[in-house]
Protein chains: 2
Amino acid sequence: MAIFSKTCEYAIRAVLYIAHKSALGKRVGIKDIAAGIDSPELYLAKILQDLSRKGIISSVKGPNGGFYIENGSLSKPISDIVEAVDGNALFYGCALGLKQCSEIQPCPLHDQFKAIRDQIKDLLFTTTIGAFNQELLAGMLALKK
Amino acid sequence: MAIFSKTCEYAIRAVLYIAHKSALGKRVGIKDIAAGIDSPELYLAKILQDLSRKGIISSVKGPNGGFYIENGSLSKPISDIVEAVDGNALFYGCALGLKQCSEIQPCPLHDQFKAIRDQIKDLLFTTTIGAFNQELLAGMLALKK
DNA sequence: ACATTAAAGGACAAGAATATCTTTTATTAT
DNA sequence: ATAATAAAAGATATTCTTGTCCTTTAATGT
Ligand code: FES
Ligand code: FES
C-alpha cells in the first residue's frame, strides 16, 4: 500500500501541474493535464470536478477555458488536497486501525508512530501548492511516470 | 486513507495478540483472536491462513489446536507482516505514485518524503513481533477498538 | 476405529476504488 | 443568434478489497 490513494496521487500531481502553468497566467484543459501527469483523462476529470467544487482549483467552460488556480490558492497547503480526497485518517488515525488514537489506551505502535505521523502532518501542512513552481518550470521535478 | 490496509491492520493486531499468548505457551483459536482484536472472524481466518502459509505464524488443527508463534519468530520484525500483506510500496514507492522513486527524476515531495519513509522503514524493520509482550500482558497496550 | 474439534481451502457476495461513456450546461467567437 | 468548445453531471463498467459461507483435511481424545 502506498501512503496516498491513487486518486489522491493524481489529484496532487494535477494540482501542482495546474499551479505552475497557472503562475504563467495560462489555463489548462483536461487533455493537457492528463497528458502532463500521465493519468486516465476521464477519471482525472472527475477528480478535478470534485476539487473545483471544493474550491481548491477553479475552472471556466468554453473556448480557451480550462482549469487554473487563484493566486491566493497557491499558498494553500498540500494537506488541503489530501484532506479533500483521502480525508484526515492519515493525520489523526491510529496506525493499527483502532477506533481512535489515544494516549490513554494506545496501540503498540502508538508512541513511535505518532512521531512519524507528526512529521507527515508537518510536511503536508507547511508545504504549499505553489512551492514547487520554479522547479517545475525548470523541469527539475517530475510529475509523470 | 490510513497508512496500512485494513487487512494489514488486522494482521498486525492478530499477530501481536497471538505472540503474547504464545509466550505463555498457549495456542489460541480463531474465535479467541477475533474477539481479542475486534475483527470479523471469518475474514481474519483467511488472513491468518495466509500468514501461516508464509511462515510468519504456525498452527495446529484439532482439539486444543490453534495458532501460535515459534519462539524464534518473536524476533522477526513487524515489517515481515506488512510486506506479506501490503507489499513493499510503503518502503520503496514514490509518494506521488511515479513508476519509481528516483533521485534523478524526483517528484516534488521526494526529498522530504524520503526522510519520513526512512523512519517508517526504521520503525517497522527494527521493531520485533515479540517486543510488546510484557506490556500486552500487563494490559498497558490496546489491540481492540 | 470413531466422533469431535479446529484450521485449510474453495467459492461466492458485498462494497469501495478506479475507470469509462454519454448527455447537459456554460462560455466564447463568429 | 448560432456554432464550437470545454467543463459539469449523471450513468455505467471494471477491478480490488473486504467479508461470508460451505466443504475438506488434519489432529486429538475416547
Ligand atoms: S493508538 Fe494507535 S497510533 Fe495512537
Ligand atoms: S520520487 Fe516521489 S518519493 Fe521519490
Side-chain angles (χ1 to χ4, degrees), chain A residues 1-15 18 21-22 26-35 37-69 82 84-87 89-90 97 145, chain B residues 1-15 17-18 21-22 26-35 37-69 82 84-87 89 97 145:
Chain A
M1 273 245 314
I3 198 143
F4 301 126
S5 68
K6 235 172 167 190
T7 305
C8 192
E9 292 173 352
Y10 292 150
I12 297 173
R13 304 218 305 271
V15 170
I18 296 168
K21 294 281 180 180
S22 211
K26 286 183 191 168
R27 288 193 286 234
V28 278
I30 187 69
K31 268 198 161 61
D32 183 347
I33 304 168
I37 71 166
D38 221 330
S39 78
E41 182 186 325
L42 293 164
Y43 187 54
L44 184 63
K46 285 297 173 200
I47 300 171
L48 294 187
Q49 266 172 45
D50 187 43
L51 294 177
S52 177
R53 255 183 270 112
K54 288 174 176 160
I56 293 171
I57 58 177
S58 308
S59 69
V60 275
K61 295 179 179 179
N64 296 315
F67 295 91
Y68 66 100
I69 292 193
V82 175
V85 176
D86 280 351
L90 188 60
K145 317 185 177 176
Chain B
M1 274 242 317
I3 197 143
F4 301 126
S5 69
K6 235 173 166 190
T7 306
C8 191
E9 291 172 353
Y10 292 149
I12 297 173
R13 303 217 307 268
V15 170
Y17 184 87
I18 297 167
K21 295 280 179 179
S22 212
K26 286 184 190 166
R27 287 193 285 234
V28 278
I30 186 70
K31 269 199 161 61
D32 183 347
I33 304 168
I37 70 164
D38 221 328
S39 77
E41 183 186 326
L42 293 164
Y43 187 53
L44 185 62
K46 286 296 173 200
I47 301 171
L48 295 187
Q49 266 171 45
D50 186 44
L51 293 176
S52 178
R53 256 182 270 112
K54 289 176 173 158
I56 293 170
I57 58 177
S58 307
S59 69
V60 274
K61 295 177 178 180
N64 295 317
F67 295 91
Y68 66 100
I69 292 193
V82 176
V85 176
D86 280 351
K145 317 182 177 182

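Residue numbers start from 1 in every chain, and the chains themselves are labelled A, B, ... in the order their sequence lines are given, proteins ahead of strands. Quick note: numbers below take in every heavy atom, side chains included, and nothing from hydrogens, waters or symmetry partners. These numbers were taken from a predicted model, which means no experiment stands behind them.
- Taking B:D50 as the reference, B:R53, B:K54 meet the salt bridge (charged side-chain N to carboxylate O under 4.0 Å, His left out) condition, with sequence neighbours excluded.
- Nucleotide D:dA26 holds its P atom 14 Å from the CD atom of B:Q49, rounded to whole Å.
- In terms of position along DNA chain C, the nucleotide closest to B:G29 lies nearer the 5' end than the nucleotide closest to the other residue of the pair A:R27 and B:G29.
- The CD1 atom of B:I3 sits 6.0 Å away from atom CG of A:L90, with the distance rounded to the nearest 0.5 Å.
- Heavy atoms of A:K46 sit under 4.0 angstrom from at least one base atom.
- Taken from CG in A:L48 to OG in A:S58, the straight-line distance is 11.5 Å, to the nearest 0.5 Å.
- Qualifying side chain to side chain contact (heavy atoms under 4.5 Å, CB included) partners for A:S5, counting only residues two or more places apart in sequence or in other chains: A:T7, A:C8, A:V85, A:D86, B:M1.
- Boundaries of the chain A contact region on DNA chain C are C:dT18 to C:dA29, first to last in 5' to 3' order (nucleotide atom under 4.0 Å from a heavy atom).
- To the nearest 0.5 Å, atom CZ of residue A:R27 and atom CD1 of residue A:I18 are 12.5 Å apart.
- Heavy atoms of B:L48 sit nowhere under 4.0 angstrom from any nucleic acid atom.
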Sort me out a list of protein N/O and nucleotides 12-18 of chain D N/O pairs below 3.5 Å, or just none if empty.
residue: D:dT18; atom: OP1; partner: B:K6; partner atom: N; Å: 3.1
residue: D:dT18; atom: OP2; partner: B:T7; partner atom: OG1; Å: 2.5

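- Here B:P40 pairs with B:Y10, B:Y43 under the side chain to side chain contact (heavy atoms under 4.5 Å, CB included) rule; sequence neighbours left out.
- The salt bridge (charged side-chain N to carboxylate O under 4.0 Å, His left out) search around A:K31 returns A:E41, not counting sequence neighbours.
- From A:S52, atom OG reaches atom CD1 of A:I47 across 13.5 Å, with rounding to the nearest 0.5 Å.
- For B:Y17, the side chain to side chain donor-acceptor pair (under 3.5 Å) partners two or more places apart in sequence, or in a different chain, are B:D32.
- Between B:P63 and A:G65, the residue whose closest nucleotide on DNA chain C is further toward the 5' end is B:P63.
- Atom C1' of nucleotide D:dA6 and atom CG of A:D32 are separated by 13 Å, given to the nearest angstrom.
- One interatomic measurement links the two molecules: CD of B:E41 to P of D:dC22, which rounds to 14 Å at whole-angstrom precision.
- Taking the side chain to side chain contact (heavy atoms under 4.5 Å, CB included) definition, one finds that B:A45 meets it with B:I30, sequence neighbours left out.
- In terms of the side chain to side chain contact (heavy atoms under 4.5 Å, CB included) criterion, residue partners of A:E9 (sequence neighbours excluded) are, by chain and number, A:A2, A:F4, A:K6, A:R13.
- Near DNA chain C, meaning a heavy atom under 4.0 Å away, the residues from residues 51-61 of chain B are B:S52, B:R53, B:S59, B:V60, B:K61.
- One interatomic measurement links the two molecules: NZ of A:K31 to P of D:dA7, which rounds to 9 Å at whole-angstrom precision.
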